[in-house]
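Comments concern the structure below.
Just so it is clear, the model here is predicted, and its values are computed rather than measured.
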Amino acid sequence: MRRVRYESTGGPLFLEETPVPAPGPGELLVRTEAIGVTLPVVRKVTEAAEPIPLGGEIAGEVAAVGEGVTRFRVGERVTGLCFGHGYTDFAVLHEAMTSAVPDTASAVDAVALVRSGLVALGALDAARPEPGEAALITAAASGVGHLAVQLAKARGAGRVVGAVSDPAKADFVRTLGADEVITYDRLDRPEWGEPVDYVLDAVGGELLTPAVAALVPGGRLVAYSSGGGTIQAYDLLVGAKSVIGFQMARIARGRPELYERWRQELWRRFAEGELKPAVHGEFGLAEAAKAHEVIESRSNLGKVVLHP
């Protein structure tokens, strides 16, 4: 089978031939049909000290099952998070990290919806939103952000503000249901708008300070970015504001019942037309470097997907 790999920090990415892996106990071997490209994986390629397997969300057909697998059979369509090599013709999934793909959804729908949607829904739950509250969502045009905008509206937000890096993304974010769209350079200006009750932040870094300032007294910021950043304690104290860190892997490993409930909600809202995953571009495995460039440039409107 083919697999995308790299040998040193920063790449380059290249295709190699390697044997098809065998699923171990509790694992499924999946013939991949769609592979999601995410910012955390792109950052690991450019920043990690040692090369890592290019994993992430995949969708496809079960080709084989390991010992002890009870929920899935060969031939079923599934999607899930791959912790090993995912940029491949065949990938291995843990059964607990896998869900069935409905007949009404394509593999691309599944990759665009499930993992990114789980992060968006988990971050939204972590904010403890009340009906009618105002939300600010950074990276609102991204694979996670564009779903977070839709979910916030579907969950009853009274006002949703999408924050983006480029004004060219504004129309796209408005089509998702955002009431307002601003660019990051306006966020710390007095005229940007009324304060919000909670922020879902996927950017981090220098954006954290203005994002905290955008909160009402008692407001909450949920940080799920891999971009780091620092928040001054005084900025939280004076407004009785909170910052909550959210990591999807912790929920998937420690709260499988919650993980499954979120998955079911995503598929239900998709079936009812409340949640519409958007795909910015689709690339072949040999074009993985081009897909990474799109993510690095932050130019994507929705999900970036690879195809074997």
Side-chain angles (χ1 to χ4, degrees), residues 1-5 15-38 40-41 44 51-119 121-122 143 247-268 270-271 277 279 282-285 288 303 305-308:
M1 72 172 191
R2 299 169 305 156
R3 179 173 73 184
V4 178
R5 198 164 66 83
L15 272 178
E16 66 176 4
E17 290 289 334
T18 186
V20 176
E27 295 179 338
L28 300 86
L29 178 67
V30 177
R31 181 182 291 104
T32 57
E33 297 174 9
I35 303 150
V37 180
T38 64
V41 171
K44 286 176 181 176
I52 62 160
L54 300 176
E57 58 241 327
I58 68 164
E61 183 179 291
V62 178
V65 296
E67 181 182 353
V69 172
T70 59
R71 293 172 49 222
F72 302 100
R73 293 179 291 181
V74 171
E76 292 186 313
R77 299 169 65 237
V78 298
T79 186
L81 181 63
C82 175
F83 290 108
H85 288 281
Y87 287 24
T88 67
D89 292 311
F90 291 87
V92 173
L93 292 179
H94 293 287
E95 184 178 23
M97 303 298 294
T98 305
S99 63
V101 177
D103 292 339
T104 54
S106 68
V108 172
D109 287 332
V111 161
L113 177 70
V114 176
R115 178 62 180 176
S116 295
L118 285 168
V119 173
L121 190 52
Q247 183 190 50
M248 192 69 242
R250 184 172 178 272
I251 300 296
R253 293 178 177 131
R255 298 283 307 279
E257 75 293 343
L258 179 58
Y259 191 81
E260 180 59 29
R261 189 163 74 242
W262 285 343
R263 281 195 295 211
Q264 291 176 5
E265 179 176 347
L266 290 173
W267 283 125
R268 175 179 60 80
F270 172 80
V279 176
E282 302 179 33
F283 301 83
L285 278 181
K303 196 70 178 175
V305 177
L306 296 177
H307 286 291

Using every non-hydrogen atom in the two residues, find where [X] and [Y] come nearest and quote the distance to one decimal.
{"X": "Leu285", "Y": "Val4", "answer": "O-CG2, 3.6 Å"}
{"X": "Pro23", "Y": "Leu28", "answer": "CB-C, 4.0 Å"}
{"X": "Ala112", "Y": "Val279", "answer": "CB-CG2, 4.2 Å"}
{"X": "Ser116", "Y": "Gly143", "answer": "CB-O, 3.5 Å"}

Could you pull out all residues at least two apart from [X] that satisfy side-chain hydrogen bond (donor to acceptor under 3.5 Å, both in side chains)?
{"X": "Glu265", "value": "Arg155, Arg269"}
{"X": "Glu76", "value": "none"}
{"X": "Glu260", "value": "Arg263, Gln264"}

Within this structure, what is the [atom1]-[atom2] distance for the pair [X] and [Y], rounded to the nearest 0.5 Å?
{"X": "Glu16", "Y": "Thr88", "atom1": "CD", "atom2": "OG1", "value": "11.0 Å"}
{"X": "Phe83", "Y": "Glu27", "atom1": "CZ", "atom2": "CD", "value": "11.5 Å"}
{"X": "Arg261", "Y": "Leu121", "atom1": "CZ", "atom2": "CG", "value": "9.5 Å"}
{"X": "Ile35", "Y": "Glu282", "atom1": "CD1", "atom2": "CD", "value": "11.5 Å"}

Taking the side chain as C-beta and beyond, is there a heavy-atom pair between [X] and [Y] under 4.5 Å?
{"X": "Pro308", "Y": "Arg2", "answer": "yes"}
{"X": "Leu29", "Y": "Pro21", "answer": "yes"}
{"X": "Lys303", "Y": "Thr38", "answer": "yes"}
{"X": "Met1", "Y": "Thr18", "answer": "yes"}
{"X": "Thr32", "Y": "Tyr87", "answer": "no"}
{"X": "Pro53", "Y": "Arg3", "answer": "no"}

Item to check | ring-ring contact (aromatic ring centres under 6.0 Å, His included) partners for Tyr259, two or more places apart | outcome: none
Could you list the donor-acceptor pairs under 3.5 angstrom formed by side chains in residues 90-102, with sequence neighbours left out?
unit_1 : atom_1 : unit_2 : atom_2 : d
Glu95  : OE2    : Thr70  : N      : 3.1
Glu95  : OE2    : Arg71  : N      : 2.7
Thr98  : OG1    : His94  : O      : 2.8

Next on the checklist: Between Arg77 (side chain only) and Ala105 (backbone N and O only), is there a donor and an acceptor less than 3.5 Å apart?
Outcome noted: yes
Item to check | Glu67 CD: over 12 foreign heavy atoms closer than 6.0 Å | outcome: no
Checklist entry - Can you list every pair that meets side chain to side chain donor-acceptor pair (under 3.5 Å) and has a residue in residues 101-113, with sequence neighbours left out? => result Ser106-Asp109
